Amino acid sequence: MAHLSDANLQTLTEYLKKTLDPDPAIRRPAEKFLESVEGSQNYPLLLLTLLEKSQENVIKVCASVTFKNYIKRNWRIVEDEPNKICELDRIAIKANIVPLMLSSPEQIQKQLSDAISIIGREDFPQKWPDLLTEMVNRFQSGDFHVINGVLRTAHSLFKRYRHEFKSNELWTEIKLVLDAFALPLTNLFKATIELCSTHANDASALKVLFSSLILIAKLFYSLNFQDLPEFFEDNMETWMTNFHSLLTLDNKLLQTDDEEEAGLLELLKSQICDNAALYAQKYDEEFQPYLPRFVTAIWNLLVTTGQEVKYDLLVSNAIQFLASVCERPHYKHLFEDQNTLTSICEKVIVPNMEFRAADEEAFEDNSEEYIRRDLEGSDIDTRRRAACDLVRGLCKFFEGPVTGIFSGYVNSMLQEYAKNPSVNWKHKDAAIYLVTSLMKSCPLYNPANELVNLTEFFVNHIQPDLKSATVNEFPVLKADGIKYIMIFRNQVPKEQLLVSIPLLINHLQAESIVVHTYAAHALERLFTMRGTNNATLITAAEMAPFVEVLLTNLFKALTLPGSSENEYIMKAIMRSFSLLQESIIPYIPSVITQLTQKLLAVSKNPSKPHFNHYMFESICLSIRITCKANPEAVGSFEEALFLVFTEILQNDVQEFIPYVFQVMSLLLEMHKNEIPSSYMALFPHLLQPVLWERTGNIPPLVRLLQAYLERGASTIASAAADKIPGLLGVFQKLIASKANDHQGFYLLNSIIEHMPPESVDQYRKQIFILLFQRLQNSKTTKFIKSFLVFINLYCVRYGALALQEIFDSIQPKMFGMVLEKIIIPEIQKVSGQVEKKICAVGITKILTECPPMMDTEYTKLWIPLLQALIGLFELPEDDTIPDEEHFIDIEDTPGYQTAFSQLAFAGRKEHDPVGQMVNNPRIHLAQSLHKLSTACPGRVLSMLSTSLNAEALQYLQGYLQAASVSLL
């Protein structure tokens with residue numbers, strides 16, 4: 001426990017200072033120290049005391065950020081895991097945080113406001129009932145610094161209502177919030193509007209008041225999102241009239257000179273456009289009286305607002321409002337007039353599709369952001385995207401007229417370009433953009449309304465740019481052309497795509513980051529296209545002439561400035577390997593060297609998760625493809641990779657460790673029947689508890705241990721027998737967690753299947769006792785399914801008698817209880833081909849190779865067990881899950897731990913432990929029953945004829961016939 005003493009505050013201050021040091025040798029140990037003490041009682045209170053009392057602003061801010069991250073990582077209570085913040089600290093935090101947040105400067109207020117919303121997400125309303133009253137009471141203070149603090153917190157608390165699924169719980173909470181909050185918020189809204197006119201000439205007062213209005217407008221959106229609350233319906237006049245007048249308001253004092261940053265006026269109007277669009281879409285009947293005046297106001301806004309970047313959000317929200325209105329059937333009449341359509345196209349759509357100086361700047365200097373907007377359609381609202389959405393909306397009812405208006409534009413723009421390409425290239429850019437957005441927008445593809453013929457446009461206007469001798473001229477048009485190929489790859493004939501491939505490979509050398517990134521992305525998309533019978537549309541044979549230049553240019557592109565960790569290029573490398581398969585083998589030595597160097601470089605500071613993922617996938621593909629042709633090659637991969645892997649493990653590069661384990665599993669599985677000494681040296685380290693603390697390590701570590709057991713169980717038993725308790729310790733930790741118990745069973749099943757029996761003899765009973773304790777404490781469907789597979793695998797491996805004896809040695813008659821209470825009623829829940837087969841073979845052994853089943857009080861369970869087995873074969877799987885268990889499997893890793901990322905190309909083949917022994921489990925049952933009936937003639941038949949139900953008996957006769965055997 002850390003006391004709230006001056007000495008502790010001083011120590012904390014020193015460590016916080018060190019966490020700001022640019023030198024990792026000072027910063028990292030300080031971060032590690034803070035991580036090690038964050039479990040102590042009073043730690044969060046020390047941080048809060050520091051951010052209140054410290055004399056240094058930098059320490060206050062640092063303490064507030066550290067506090068917020070601490071809350072983010074630790075506040076949520078996860079089932080099966082220790083509570084990371086003691087109850088007294090939780091109570092103290094909730095008692096002090098709101099007043100502290102309201103009295104702090106804005107920078108700190110923001111951090112604490114976020115912390116409150118994280119706590120609120122878990123505790124509000126049940127465990128924090130007075131939060132709302134505490135907040136609403138502050139509205140009376142008249143101090144807008146305090147009021148804005150409350151509004152900001154309310155916004156971060158309620159904005160989740162915008163994307164939560166409907167549920168009774170959610171309704172109850174929203175109703176509670178509305179009852180306490182809607183009226184005070186409305187009164188505050190009216191009062192703030194009045195103050196705006198009182199202080200119309202006071203710039204600094206207006207700034208504060210407009211910040212409040214923006215937050216109030218955001219809260220309006222959140223509280224109205226799920227459904228139209230009665231209160232807001234009754235007060236619609238107040239809200240809408242004021243929103244409308246704010247939309248048309250223009251105050252010189254609020255105008256800013258900055259061309260980039262949106263000012264308060266723009267932000268407020270943007271939010272009001274959003275609010276109006278929400279009502280127009282969701283509550284159109286109630287909103288109808290207000291709609292025409294909003295359409296007029298927003299139209300005027302659009303026609304009078306300049307092209308500067310600071311208006312982008314406003315313009316795109318305003319256009320989105322029109323888009324959401326024009327596709328509603330009963331607003332159709334507002335747009336029907338040809339003049340209206342022409343004027344929308346001319347005044348709103350075309351000007352907002354232009355490539356502006358700001359776009360050109362982003363294209364050249366901020367290419368990552370440009371690509372994210374243009375390719376991934378990120379949520380940052382651009383004018384171009386909004387204009388496209390409006391086109392899409394208009395096409396719903398007016399496709400013919402809209403296409404007519406635009407085809408004129410496209411032709412005239414292309415003519416302008418042709419007159420003087422080097423000056424007028426932006427005209428061609430706009431024409432291509434119009435074509436791509438319109439042809440993509442009109443889903444009802446109607447040749448009569450076709451703007452252009454896609455293939456002709458491609459051949460006449462796109463290919464010439466890509467075929468030009470220099471890859472670096474007109475980079476924007478090159479990017480447009482490549483994007484055109486991506487978008488219409490399914491409409492353009494295959495022969496044109498094949499013509500494009502060498503052109504795209506050539507553009508991987510372009511200096512422009514956007515151009516070479518688009519080229520890589522386009523190749524990756526083309527390589528994933530499917531043709532007939534699900535094969536790839538473009539075949540390895542068709543790619544044969546280009547393999548060398550493709551690989552050379554892809555790896556060279558990673559050396560271009562700005563693209564050293566370009567995820568699109570790395571994904572294209574992965575996809576090329578996957579498509580080309582053995583044609584890459586001659587290039588593997590140079591490829592693996594380059595991949596290993598890249599791995600070493602990025603492991604120093606991993607910052608691009610997608611890039612890293614595709615890089616490891618590419619490494620796995622190199623290994624798989626090469627070792628499939630030549631299994632001996634595995635040694636050269638180990639030589640190339642192990643040095644880097646060792647460094648990653650020693651430096652504890654958390655993001656990469658799960659990947660390293662997966663690649664090592666893949667390599668180890670390539671060995672036939674032995675474990676090389678290099679792996680054995682690592683084995684003890686894999687059992688260290690600290691590795692198992694991180695959720696992301698668990699699946700790949702379990703798989704790696706399984707690979708060790710499959711390839712070298714006897715080596716472990718002879719050379720590392722002292723490590724078996726450690727191995728079982730891992731199993732014990734995993735089995736205790738509802739989220740990871742199945743991983744514990746994977747490990748246990750491998751131990752049972754592969755370890756020499758004598759090496760685990762002394763631990764067997766303890767294993768069963770642990771499983772029974774878990775069954776008593778928390779019996780979930782997932783656990784039962786895994787448990788059933790395990791006991792049947794045990795039976796297959798050691799025999800039915802051994803299974804009965806171990807159960808009955810724990811407690812007399814335990815075997816019968818397990819049959820009656822678990823196996824017979826639950827076996828129908830087992831899923832998966834291999835799992836069902838293991839259970840079928842195990843139960844067959846219990847029925848036919850376990851003497852106590854024939855002549856003790858267990859005999860009464862023989863027919864019910866047989867009936868359950870026939871049910872497993874013939875009845876549909878029982879996939880019902882009790883209500884309270886629905887969310888157990890979804891592992892929610894709190895905080896910033898890298899969750900586990902499964903590598904697709906490192907996947908292991910499904911392993912069937914009874915594969916050699918039993919091919920068809922139904923026939924196996926028939927043969928085993930035949931053998932049993934030979935040993936005790938008459939017994940089996942008399943039991944069947946008196947007790948087995950008719951339908952099951954019929955199935956059983958079918959199995960006997962198929963196996964050509966009969967019962968005596």
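Heads up: numbering here begins at 1 and tracks the sequence. Note that the coordinates shown come from a computational prediction; the quantities given were computed from them, not determined experimentally.
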Quick check: does any side chain N or O of [X] sit under 3.5 Å from a backbone N or O of [Y], one acting as donor and the other as acceptor?
X: Gln662; Y: Gln902; result: no
X: Ser512; Y: Val515; result: yes
X: Tyr708; Y: Tyr679; result: yes
X: Ser367; Y: Glu364; result: no
X: Asn651; Y: Val653; result: no
X: His516; Y: Gln509; result: no
X: Arg624; Y: Phe905; result: yes
X: Arg774; Y: Ile735; result: yes
X: Ser583; Y: Leu580; result: yes
X: Arg152; Y: Ser113; result: no

Do [X] and [Y] have side-chain heavy atoms sitting under 4.5 Å apart?
X: Leu649; Y: His685; value: no
X: Val730; Y: Trp692; value: yes
X: Phe637; Y: Thr596; value: no
X: Ile585; Y: Asn630; value: no
X: Leu641; Y: Ile623; value: yes
X: Gln732; Y: Leu728; value: no
X: Lys733; Y: Glu693; value: yes
X: Leu20; Y: Leu16; value: no

Once the angle between the rings of Tyr370 and Phe363 is folded into 0 to 90°, is it parallel (under 30°), tilted (30 to 60°) or perpendicular (over 60°)? perpendicular
Determine the interplanar angle of the Phe656 and Tyr659 rings, folded into 0 to 90°, and report it as parallel if under 30°, tilted if 30 to 60°, perpendicular if over 60°. perpendicular
Rounded to the nearest 0.5 Å, what separates atom CG in Leu508 from atom CG in Asn553? 5.5 Å
Lys NZ or Arg CZ of Lys18 over Tyr15 ring: under 6.0 Å, within 45°: yes
Run the side-chain contact (heavy atoms from CB on, under 4.5 Å) check on Thr626 and Ile592 step by step: do they pass? CA-CA 11 Å; Thr626 313; Ile592 204 74; over 6 Å; no
Answer yes if the side chains of [X] and [Y] hold a donor-acceptor pair under 3.5 Å, and no otherwise.
X: Glu753; Y: His911; value: yes
X: His742; Y: Lys782; value: yes
X: Glu38; Y: Asn74; value: yes

Closest contact, heavy atoms only, [X] versus [Y]:
X: Leu709; Y: His754; result: O-CB, 3.3 Å
X: Leu504; Y: Ala519; result: O-CB, 3.6 Å
X: Ser64; Y: Ile108; result: CB-CG2, 3.8 Å
X: Ala633; Y: Cys627; result: C-SG, 4.2 Å
X: Ser618; Y: Ser622; result: O-OG, 2.7 Å
X: Leu558; Y: Met570; result: CD1-CE, 4.0 Å

Can you check whether Tyr568 and Tyr518 have ring centres sitting under 6.0 Å from each other? no
Tell me if the centroids of the rings in Tyr43 and Tyr70 come within less than 6.0 Å of each other. yes
Presence of salt bridge, [Y] and [X], under 4.0 angstrom:
X: Arg28; Y: Asp652; value: no
X: Glu369; Y: Arg372; value: yes
X: Arg27; Y: Glu31; value: yes
X: Glu524; Y: Arg575; value: yes
X: Glu122; Y: Arg90; value: no
X: Glu647; Y: Lys604; value: yes

Residues, nucleotides or ligands: over 12 heavy atoms within 6.0 Å of [X] [atom1]:
X: Gln107; atom1: CD; answer: no
X: Glu368; atom1: CD; answer: no
X: Gln581; atom1: CD; answer: yes
X: Glu164; atom1: CD; answer: yes

Any chance you could lay out the side-chain contact (heavy atoms from CB on, under 4.5 Å) test for Phe645 and Leu599, step after step, and finish with the verdict? CA-CA 9 Å; Phe645 284 0; Leu599 173 59; 3.9 Å; yes
Can Ser117 and Thr153 be said to form a side-chain contact (heavy atoms from CB on, under 4.5 Å), step by step? CA-CA 7 Å; Ser117 73; Thr153 306; 5.7 Å; no
